[in-house]
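These notes are about the structure you will find just below.
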Amino acid sequence: MSAVHKNIVILISGSGSNMAAIVKAAERRHWGARYGVRVAAVISNKAGAAGLEFARQHQISTAVLDHKAYASRDDFDAALMTEIDQHDPVLVVLAGFMRILTPGFVAHYEGRLINIHPSLLPAFTGLNTHQRALDMGCKFTGATVHRVTTELDHGEILDQAVVPVLPGDTAQTLAERVLTQEHIMYPRAVERLLTQMV
Ligand code: GRF
């Protein structure tokens with residue numbers, strides 16, 4: 001048993017279902033006792049992000065930084081870094097955080113910044129991944145957990161989940177099938193990183 005002293009910070013913009021899956025895994029699998037790690041804070045760039053309420057209910061500190069309140073991307077990222085660094089995180093987890101991060105931000109968290117992307121990278125970087133997979137006639141798609149580099153949706157692949165594309169799928173049905181797998185894969189990928197840190 002180790003004392004809880006290492007923090008994870010999760011960044012969200014929306015429903016935060018991946019964040020919730022990580023928080024639940026941390027509780028269920030006793031990350032505090034096993035790895036001395038806790039989810040310390042959830043930070044959103046949108047005040048209405050549904051995941052914030054979930055975080056509060058789980059006694060996790062929350063903060064909102066509205067990117068529209070900042071004059072530039074650099075200003076926003078500087079404020080975000082200040083907020084994140086209050087928790088001195090061992091890991092910063094992007095979970096549906098819909099902002100492109102500046103090179104300075106990425107460099108600051110080098111080695112401790114990860115993301116989940118809803119495609120089998122390197123295919124379909126960027127947005128609308130499920131519709132693009134359908135348009136290309138893909139028979140399989142999925143999701144990828146990767147380290148974050150300055151190039152969007154690149155960086156070392158840490159884990160992938162493969163999902164079949166079924167007849168009659170829409171972007172919506174495909175997104176739901178992929179998301180179910182994301183919720184299994186992302187906590188698993190985070191925990192694997194934690195085992196390498198203890
Ligand atoms: C997920 O599909 C994730 O792969 C992508 O954005 C979505 C976030 O969903 N980056 P949620 O906010 O975790 O529910």
Side-chain angles (χ1 to χ4, degrees), residues 8-28 39 41-58 60 62-67 77 80 84 91-101 105-106 109 113-135 138 140-166 169-193:
I8 295 174
V9 171
I10 307 182
L11 306 188
I12 66 169
S13 297
S15 61
S17 67
N18 277 293
M19 174 274 294
I22 291 168
V23 168
K24 285 188 216 159
E27 292 171 355
R28 192 178 63 245
V39 178
V42 171
I43 302 172
S44 172
N45 66 315
K46 300 233 166 125
L52 290 169
E53 184 52 32
F54 174 92
R56 285 185 206 108
Q57 284 167 2
H58 288 253
I60 296 168
T62 61
V64 175
L65 270 77
D66 181 355
H67 59 276
D77 278 11
L80 187 56
I84 294 170
L91 200 59
V92 177
V93 175
L94 306 180
F97 187 64
M98 302 301 284
R99 299 293 304 163
I100 292 176
L101 298 162
F105 183 100
V106 172
Y109 297 106
L113 184 60
I114 63 171
N115 181 43
I116 190 162
H117 181 76
S119 78
L120 291 174
L121 290 174
F124 306 126
T125 60
L127 297 174
N128 302 319
T129 54
H130 303 304
Q131 189 58 54
R132 289 158 64 204
L134 288 171
D135 292 346
C138 294
F140 292 90
T141 185
T144 303
V145 177
H146 64 98
R147 291 191 190 278
V148 175
T149 61
T150 47
E151 200 173 348
L152 183 68
D153 299 328
H154 280 67
E156 180 192 353
I157 291 173
L158 298 173
D159 207 349
Q160 288 187 308
V162 179
V163 171
V165 179
L166 301 179
D169 260 342
T170 62
Q172 176 72 22
T173 59
L174 194 49
E176 285 165 12
R177 193 175 309 119
V178 171
L179 200 53
T180 303
Q181 294 305 312
E182 291 183 37
H183 296 162
I184 298 167
M185 173 173 60
Y186 212 1
R188 183 179 67 203
V190 170
E191 184 162 348
R192 194 174 303 138
L193 286 175

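Both counts, for ligands and for their atoms, begin at 1 and track the order of listing.
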Could you pull out every protein residue that has a heavy atom closer than 4.0 Å to ligand 1, ordered by chain and then number?
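Heavy-atom contacts below 4.0 Å: S15, G16, S17, N18, G96, I116, H117, P118, L179, E182.
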
To the nearest 0.5 Å, what is the distance between CG on L174 and SG on C138?
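If we round to the nearest 0.5 Å, L174:CG and C138:SG are 9.0 Å apart.
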
How many angstroms lie between atom CG of N115 and atom OH of Y186, to the nearest 0.5 angstrom?
5.5 Å

Which pairs with one or both residues in residues 151-165 pass side-chain hydrogen bond (donor to acceptor under 3.5 Å, both in side chains), sequence neighbours excluded?
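Those involving residues 151-165 are H117-D153, T144-Q160, R147-E156, E151-H154, D159-R188.
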
Compute whether any side-chain donor of one residue and acceptor of the other, for S17 and H183, lie under 3.5 angstrom apart.
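There is such a pair (donor and acceptor under 3.5 Å, judged by atom type) between the side chains of S17 and H183.
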
Which of parallel (below 30°), tilted (30 to 60°) and perpendicular (above 60°) describes H58 and F54?
parallel

Keeping the roles fixed (side chain from S119, backbone from F124), state whether a donor-acceptor pair exists under 3.5 Å.
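Answer holds: yes.
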
